[in-house]
Structure formats: structure tokens, C-alpha cells
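Heads up: the structure comes next, in C-alpha cells.
Model, not experiment: these values are computed from the prediction. Proteins get letters first, then strands, A, B, ... in listed order; numbering begins at 1 in each.
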Amino acid sequence: MNMKIHLDPSTPMNLDETLCCGQVFRWEKQEDWWYGVAGKRAIRVRQIGRVLEFENANKDFVESYFGLNVDLRQIYTSIHKDPHIEEAIARFRGLRILRQDPWECLVSFMCATYKNIAAIKTMISELSHRYGDHIVFEKENVHAFPTAEALAKSSITDLKKCGLGFRAKRVKLTAKVISDDATRLERLRRTSYAEAKRELLQLPGVGSKVADCILLFSLNKFEAFPVDVWMKRVILRYYQAHFEKEFVERISEQKPLSTSQYERLSRFGREHFGNYAGYAQEYLYHYERMKTRLPILRA
DNA sequence: CAAGTGCCTTTATC
DNA sequence: AGATAAAGGCACT
């Protein structure tokens with residue numbers, strides 16, 4: 001079940017940055033292989049130069065999941081609007097936005113509310129171990145991401161044991177909604193960014209920021225521009241001049257963004273960077289985070 | 001090592 | 001509309 005993909009020189013790809021930039025929480029690197037689970041299949045992948053090597057994955061899935069058909073160079077041209085994004089692109093060239101499973105993405109970012117990435121990984125791992133189907137891969141015990149049905153049936157008390165805290169109730173409620181309407185999320189692929197976002201905002205535990213993450217990382221609405229505390233920092237550091245002084249002072253305070261403040265920053269991203277603003281977001285986000293930590297701590 | 005800070009925010013309430 | 005508080009606890013310093 002081994003497969004190799006030889007990347008064309010016109011297809012920038014950086015597997016490490018793609019899997020450690022905070023868009024996905026279920027990949028772990030050991031030696032030079034990344035281990036992950038997609039659907040009911042545990043797979044591993046590594047990149048050596050221009051070659052991607054897979055174990056236990058099929059080609060269609062890989063091309064879709066890693067977005068290999070997306071023309072990154074054209075996207076770079078499109079979002080190339082200022083020296084800051086230019087630097088981020090130069091540094092992390094080949095970072096790709098994945099096309100994740102919408103359900104897994106939805107739960108992941110609901111759990112991400114007010115948590116750091118290390119803690120999110122722990123929660124998602126715990127949820128999978130407790131509620132996900134058991135998979136055996138290379139003598140290791142792996143678990144699929146739990147279905148909506150499995151989480152809908154769970155108790156809030158047990159969900160809290162996975163570290164979810166106040167998110168447990170939201171996850172259970174949303175799991176119920178999704179398990180009653182299995183195509184609800186997939187349908188959003190065919191709607192516009194604005195309409196899909198309205199739909200997602202109906203779900204308990206999904207606000208503007210979480211909706212934008214789901215839209216970007218699983219439904220590939222590339223104009224989505226999620227703004228978390230890091231992106232707020234990025235905007236205050238490099239793009240402050242695009243806003244009134246009064247507004248800048250408001251959002252500089254140590255308080256969460258209001259919905260209208262959030263939308264204002266997110267809209268700025270779309271207007272400044274254009275149709276692929278989401279790509280710009282991920283590069284700037286990753287760039288800012290990596291500046292503040294040692295390379296060895298990356299994961 | 002302890003105690004403090006921060007976290008890819010949402011919701012309820014006023 | 002806009003402000004404010006609460007939420008639950010892990011990971012890092």
C-alpha cells in the first residue's frame with residue numbers, strides 16, 4: 001500500500017509546515033514520518049525533497065486532502081499585497097490549507113475555543129480514544145475520529161473527562177443536530193461563503209471565529225479570514241494604519257473582540273488580500289507564532 | 001517547583 | 001448596539 005507522488009516543480013509543498021501550522025490537530029511526527037488518521041484509515045506520510053511518500057493512503061484522498069490540485073503559486077500572486085505577507089510566504093513557502101472532514105473540523109474548532117493548541121490536541125485525542133472506532137495500523141492502536149452519533153449519545157460528564165469543560169454541552173448539542181441531518185455540512189460546499197457562514201452560526205458553540213475556521217479548513221472557502229488573538233496581534237503590529245485610532249485603542253484592550261469588532265477585522269482581511277485571504281491569514285498566523293518560539297518546540 | 005498567565009472565544013445578560 | 005462577566009482547565013513560564 002505504499003505510494004509515491006513526485007511533485008512538479010510548479011507545485012510548492014511543505015509537509016512539515018502544513019501539518020504543524022495549527023489548522024489540524026491529529027498528526028504526530030516520529031522520525032521523518034507524520035502519522036495521522038483520516039476517516040477510517042490510519043496513514044503515514046513523509047516528504048523527501050520533491051517526493052511525497054504515503055503508507056496506507058489512496059491517491060484521490062491524498063490529492064484532495066492536501067489540496068495538491070490547488071495552484072499555490074497563483075494564490076501567492078493573488079495575496080502578495082505587502083512586505084509582511086511577502087516575508088511570511090518566503091519563510092513558509094509550500095504550506096497548504098488542507099481540505100479536512102467538516103465534521104471533525106467543526107468539533108475541533110468548537111473545542112479550540114479559548115484553548116491553546118497543545119490542549120486542543122489532547123482533547124481531540126481523548127475524544128477519539130473514548131468514542132472513536134478502533135483501528136489497528138502497524139501494530140499500533142489508533143482511533144478514528146468519533147461520529148456525530150457517538151458524540152450525541154455520550155454524556156456531558158464523560159465529555160468533560162476528555163477535558164472539554166464548558167465545551168462539552170455545546171459539542172453534545174451540535175452532535176445531535178448533525179446526527180439528525182447527516183448531509184448538513186457537506187451541503188455547505190455548494191453554497192457561498194456568506195450563506196455557509198450563516199448556516200454554521202446556527203450551531204451551538206459556533207461563533208464567527210469558529211465558523212471561519214471551518215469554512216477555511218474543511219469547506220475551502222478561501223476568502224474566510226479567521227481572527228484569533230494571534231491575528232489580532234498581527235493586525236495591530238503590521239496593519240494598524242488601516243484603522244481609525246479610536247478603533248485600534250478599543251481592540252488593544254485585554255478583552256475579547258465583540259462580534260462587530262471581529263467582523264471588521266475579518267472583513268479587512270478579505271478586502272486587503274482578496275479571494276484567497278484565508279491563505280494570507282494562515283501564513284501570517286503561523287509566521288507570528290513561530291517568531292515567539294524556538295524551532296525545537298514546533299509541533 | 002509554585003503560582004501566574006494565556007489560550008486560533010461563545011454565550012448570557014443587561 | 002455595545003459592554004460585561006463567566007466559563008474549565010491545561011500547558012507553559
Does [X] reach a base, just sugar-phosphate, or nothing at all? Heavy atoms under 4.0 Å.
X	value
A:S208	sugar-phosphate
A:G163	nothing
A:C111	nothing
A:V227	nothing
A:E282	base

**OP:** Between C:dC10 and B:dT11, how far apart are the P atoms? Round to whole Å, please.
**Re:**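 Approximately 23 Å lies between the P atom of B:dT11 and that of C:dC10.
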
Subject >> Pairwise C1' distance for B:dC8 and C:dT4, with rounding to whole Å >> reply: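 It comes out at 23 Å once rounded to the nearest Å.
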
Subject >> Atom OH of A:Y276: over 12 foreign heavy atoms under 6.0 Å >> reply: no

Subject >> Heavy-atom neighbours of A:K232 NZ exceed 12 at 6.0 Å >> reply: yes

Measure [atom1]/[X] against [atom2]/[N] and give the value in whole Å, please.
X	N	atom1	atom2	answer
A:D212	B:dT10	CG	C1'	14 Å
A:I124	C:dC10	CD1	P	15 Å
A:I117	B:dC8	CD1	P	5 Å
A:L173	C:dA7	CG	C1'	15 Å
A:M110	B:dT9	CE	P	14 Å
A:Q254	B:dG6	CD	P	6 Å
A:K169	B:dA12	NZ	P	8 Å
A:M123	C:dA7	CE	C1'	13 Å

Side chain of [X] only, please: which of [options] is the nearest?
X	options	answer
A:R170	B:dT10, B:dC8, B:dT9	B:dT10
A:K160	B:dT9, B:dG6, C:dG8	C:dG8
A:K255	B:dT10, C:dT4, C:dA7	C:dT4
A:A119	B:dC8, C:dC10, B:dT10	C:dC10
A:R167	C:dC10, B:dT10, C:dG8	C:dG8

Taking only the side-chain nitrogens and oxygens of [X], find out if one of them lies under 4.0 Å from OP1 or OP2 of [N].
X	N	answer
A:R289	B:dC8	yes
A:R233	B:dC7	yes
A:S258	C:dA3	no
A:R250	C:dA3	yes
A:T122	C:dA11	yes

Classify the angle between the aromatic ring planes of [X] and [Y] as parallel (below 30°), tilted (30 to 60°) or perpendicular (above 60°).
X	Y	result
A:F268	A:H242	tilted
A:F66	A:F54	tilted
A:F222	A:Y279	tilted

Subject >> Atom pair NZ/CG of A:K29 and A:L19 - distance to nearest 0.5 Å >> reply: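 That separation rounds to 9.5 Å.
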
Subject >> 5'-most by nearest nucleotide on DNA chain B - A:F217 or A:L201 >> reply: A:F217

Original post:
Under 4.5 Å between any side-chain heavy atoms of A:I117 and A:R289, yes or no?
Top reply: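 Yes, side chains in contact.
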
Original post:
Does A:E288 make a side-chain donor-acceptor contact with the base of B:dC8, cut-off 3.5 Å?
Top reply: no

**OP:** May I ask you to verify whether the side chain of A:K115 and the base of C:dC10 hold a donor-acceptor pair under 3.5 Å?
**Re:** no

**OP:** Please tell me which of A:Y114 and A:A118 maps to the more 5' nucleotide of DNA chain C, matching each residue to the nucleotide holding its nearest heavy atom.
**Re:** A:Y114

Original post:
Are A:V142 and A:I43 connected in a single hydrophobic cluster, I mean Ile/Leu/Val/Met/Phe/Trp/Tyr linked by side-chain heavy atoms less than 4.5 Å apart?
Top reply: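 Unlinked, A:I43 and A:V142 end up in two clusters.
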
**OP:** Would you sketch DNA chain C in dot-bracket for me? Only Watson-Crick or G-U wobble pairs with both distances under 3.5 Å count, crossing pairs as [ ], other-strand pairs as |, the rest as dots.
**Re:** .||||||.|||||

**OP:** Identify the heavy atoms of A:S128 and A:R26 that sit nearest to each other, and give their distance.
**Re:**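 So the two residues come closest at OG-CZ, 3.3 Å.
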
